[in-house]
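See structure below.
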Amino acid sequence: MDLKLISSLVMLCFTVYLNQSYVMAAAKLDVLPTILKQSGDTVNLTWTNIQSPSPLDWIGIYSPPESKIDHYIGYLLLSSCISWTEGTCSLEVPLVNMRSGYQFRLYHGVPVNISENTLLDEDGNPLPSTATQLAVSKNVDFFNSNEPTQIHLSPTSSAQEMRVLFVIKDLIGSFVKYGLGSHSLSSIQASRTYSYKQSDMCHAPANSSIGWRDPGYFHDALLKGLEPEKRYFYQVGSDEGGWSSIYSFVSFSTEAEETNALLFGDMGTSVPYRTFLSTQAESRNTVKWLKRDIELLGDKPAFIAHIGDLSYARGYSWLWDEFFSQIQPLAAQVPYLVCIGNHEYDWPAQPWKPEWASKVYGTDGGGECGVPYSFRFHMPGNSSLSTGTSAPPTTNLYYSTSSGVVHFVYISTETSFVPGSDQYSFLVEDLKNVDRDKFPFVVLLGHRPMYTSSNEITDEPLRAQMLKYLEPLLVEYKVNLALWGHVHKYERTCPMKNFTCSRNMNLSDPVHVVIGMGGQDWQPSWTPLLDHPSYPIFPQPSWSLYRSGEFGYVRLHANKNLLTLSYVGNHDGEVHDILQIHSCLKLPTISRRYRPMTLVTGSLFFIFLVSIVGVLSYMVYNHWQTKRHGSSKSSWSRIST
């Protein structure tokens, strides 16, 4: 080849290299501020001099800052900024204190040809290419890396106690200061400390370098000797590591004759960026309305119950941090109770997996095998199950609490509940020993539903086992209400057993309500016509009295005579369905489709009295409330007896 030609080619390549280097050097990514006061504070990202902007250009979010190039926790598309085509724009991003700093890296995006080796997100979209890095920001740090975060409350079996849980980066002795006034935190309680390791996870992504982040140290302090129904103020931390803001809660009472609770399942987490998994943007609205309801309750004791599928982290540990940051405004004020769901637990080698469950229990836990769930929460009771691996045992599986006039029983649908299991024995003993004079209502809560008209074919074998072994217990011990998650919809049944609405003497059979509409948006349709499954027609079974696909949650309020469950929709914060269950009179639910009926007990006077009360209840009911309030524009007042 001619030497002159070779020289020309070399000069051309060098010129192209210089031009590319110039373009890369010209792009700039600034971040302000670089020191954040507390978790949740916002940074401003500004980029300039992007040559030939592409709608695929993106910013990777890295924590810790030294993370490998493809180990970002999330990303932002520059095209989400209104003036991105000019090559200069800015975005604001709130950052959660994950006990390490952040760094942002700017990339030129290119179309990705999908192949067998292409990395995809959960929605099947290719992850952005890191081939062309344009700029890197300065690091962002928190003023206090040991800032106490993830503050939340948990009850015990005693109304005179309350647990306070929180997370700190380093192994520092920490405390809870508390008292009856915000300026008189005269009592102090040390916390016990524990954590888990990457090797405790069961498989990827939970135990992989891309999914794992150090969880810090969990702190658990037990406050004792609380006076009943008093507002306590508290602060967590230490002089060495720093103190949190001051929060407050209202203590419980063994003599309370009123119960208030906010309940839902499958809420998930909303994050301000895209990541490897689908996240649950609607959870923001759920939290917004829950916060409103807690404020309206004022100084009344209350709690939240989240019945499975909590953060949807599924092995990507920073989503747990995002989840607790989202719920802390709620969970630092009222106890946050939980059930285990498939997305906290299920993995291929889980210890209880009978033949019928081979397609029920899969890999939904993302390799976490219940470890983060067990360490991050502390529920009453001492249920525990070995994982069969080196991982710590799974806890918080089944337990019961009583609040006011209601006894609540929480179960695990992911571990054995059949006769002979510890859970089945616990359930029998617990239900048969409830003092129904003191607690006229019993509510059972679990993740996967016993009844649903959703097209949930995979779980049919599990539901068959629940009907065989659990439903007889609910009927025998007169459980009033069963609340379930997993199906991301709302559905209320009649009082029923064996797919049949109860009549006459059996009106005390349980009502089942699916409340998995907390925020997760993926869900199969309702069950279609059996003879025309492709038709968009979804007949509602006779036992299904009301169902809806709207996101939301339920409020539970009860006194000695009446339990009321109200379904609140997220789009307007209004009540869209009401269930009422009477206690001593054993009247059924009140709704348009299910009329009140009296019970035959043998006494003519009692029959007459119950009939009169039933008619009066129905008349009063029709006078001041309807089954659906979707069109109502009035706000709700504080729950009261």
Side-chain angles (χ1 to χ4, degrees), residues 263-268 305-312 314 337-347 350-366 368-370 373 383 385 394 396-399 408-418 421 423-424 426-427 443-474 479 481-493 496-497 499 510-520 522-527 543-544 547 554:
L263 313 100
F264 53 88
D266 307 73
M267 184 173 74
H306 187 165
I307 55 175
D309 288 3
L310 310 177
S311 69
Y312 284 92
R314 292 167 285 173
L337 288 83
V338 293
C339 282
I340 196 166
N342 51 305
H343 287 297
E344 285 77 53
Y345 185 72
D346 291 10
W347 84 99
Q350 63 192 79
W352 188 65
K353 199 169 185 178
E355 184 178 352
W356 56 262
S358 60
K359 294 184 179 180
V360 174
Y361 302 131
T363 60
D364 292 345
E368 293 184 354
C369 53
Y373 170 84
S383 62
L385 179 67
T394 309
N396 305 319
L397 293 171
Y398 46 88
Y399 58 95
F408 296 89
V409 186
Y410 299 78
I411 67 169
S412 165
T413 58
E414 309 309 299
T415 57
S416 180
F417 51 79
V418 301
S421 67
Q423 180 169 205
Y424 185 87
F426 157 80
L427 193 55
V443 177
L444 182 126
L445 306 94
H447 184 57
R448 301 193 198 228
M450 188 179 297
Y451 289 100
T452 176
S453 62
S454 181
N455 198 20
E456 289 280 336
I457 299 174
T458 303
D459 279 357
E460 283 183 354
L462 176 70
R463 291 197 293 272
Q465 298 295 312
M466 295 171 73
L467 288 167
K468 181 178 180 180
Y469 297 117
L470 296 184
E471 185 173 60
L473 297 181
L474 272 60
V479 171
L481 179 64
L483 299 175
W484 311 101
H486 193 60
V487 175
H488 306 143
K489 300 174 182 178
Y490 173 86
E491 184 169 25
R492 170 173 60 84
T493 76
M496 66 183 299
K497 63 179 179 181
F499 290 95
V511 176
H512 295 258
V513 184
V514 174
I515 56 170
M517 66 295 184
Q520 175 62 289
W522 184 89
Q523 186 58 48
S525 65
W526 303 109
T527 302
W543 49 262
S544 173
R547 63 186 189 181
V554 296

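- Note that CD of Q423 is 5.0 Å distant from OG of S412, once rounded to the nearest 0.5 Å.
- With hydrogens and angles ignored, the 3.5 Å screen pairs no side-chain donor or acceptor of H306 with any backbone N or O of G265.
- Between L397 and E414, the closest side-chain pair of non-hydrogen atoms is not below 4.5 Å.
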Can you list the steps and then say if N455 with I457 is a side chain to side chain contact (heavy atoms under 4.5 Å, CB included)? CA-CA 6 Å; N455 198 20; I457 299 174; 3.7 Å; yes

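- The two residues S454 and V487 have their closest heavy-atom pair at CB-CG1, 3.7 Å.
- If you check the side chains of D309 and H488, you find no donor sitting under 3.5 Å from an acceptor.
- Between K489 and D266 the shortest side-chain heavy-atom distance does not fall below 4.5 Å.
- L474 pairs with exactly one of H512, K497, M466 by the side-chain contact (heavy atoms from CB on, under 4.5 Å) rule, that one being H512.
- Considering every non-hydrogen atom in both H447 and I340, the closest pair reads CB-O, 3.6 Å.
- The main-chain N or O of L310 is found under 3.5 Å from a side-chain atom of E344 such that the two form a donor-acceptor pair.
- By the 4.5 Å heavy-atom criterion applied to side chains, S416 and Y424 are not counted as neighbours.
- To the nearest 0.5 angstrom, L385 atom CG is 5.0 Å from Y345 atom OH.
- Between Y312 and H343, the ring planes lie tilted relative to each other; the angle falls in the 30° to 60° range.
- Using a distance-only test at 3.5 Å, with no hydrogens or angles considered, no donor-acceptor pair links the side chain of Y373 to the main chain of E368.
- A side chain to side chain donor-acceptor pair (under 3.5 Å) with Y451 holds for exactly one of E471, R463, E491; it is E471.
- With rounding to the nearest 0.5 Å, the separation of NE2 in H486 from SG in C339 is 13.5 Å.
- Of all non-hydrogen atoms in K353 and W347, the two that sit nearest each other are NZ-O, 4.5 Å.
- The shortest non-hydrogen separation linking F264 to G518 is CB-CA, 4.5 Å.
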Only distances under 3.5 Å count here; give the side-chain donor-acceptor pairs of residues 354-365 to other protein atoms, sequence neighbours excluded, each with its distance to 0.1 Å.
from: S358; atom 1: OG; to: E355; atom 2: O; distance (Å): 3.4
from: Y361; atom 1: OH; to: T413; atom 2: O; distance (Å): 2.7
from: D364; atom 1: OD2; to: N342; atom 2: ND2; distance (Å): 2.8

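- Counting only heavy atoms from C-beta outward, the side chains of V418 and W352 approach each other to under 4.5 Å.
- The aromatic rings of Y398 and F426 lie tilted to each other, with the angle between the two planes from 30° to 60°.
- In this structure, CG on L483 lies 12.5 Å from CZ on R492, to the nearest 0.5 angstrom.
- Once rounded to the nearest 0.5 Å, the distance linking CG of L444 with CD1 of I411 reads 4.5 Å.
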For side chain to side chain contact (heavy atoms under 4.5 Å, CB included), just list the numbers for I515 and L263, CA-CA rounded to whole Å, side-chain angles, deciding distance to a tenth of an Å, and then say yes or no. CA-CA 8 Å; I515 56 170; L263 313 100; 3.9 Å; yes

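- Taking the six-membered ring where the residue is Trp, Y399 and Y410 present parallel rings, their angle staying beneath 30° rather than reaching 60°.
- Of the inter-residue distances, the one linking L467 atom CG with L462 atom CG reads 9.5 Å to the nearest 0.5 angstrom.
- Residues G485 and P449 come closest through the heavy atom pair O-CD, 3.5 Å.
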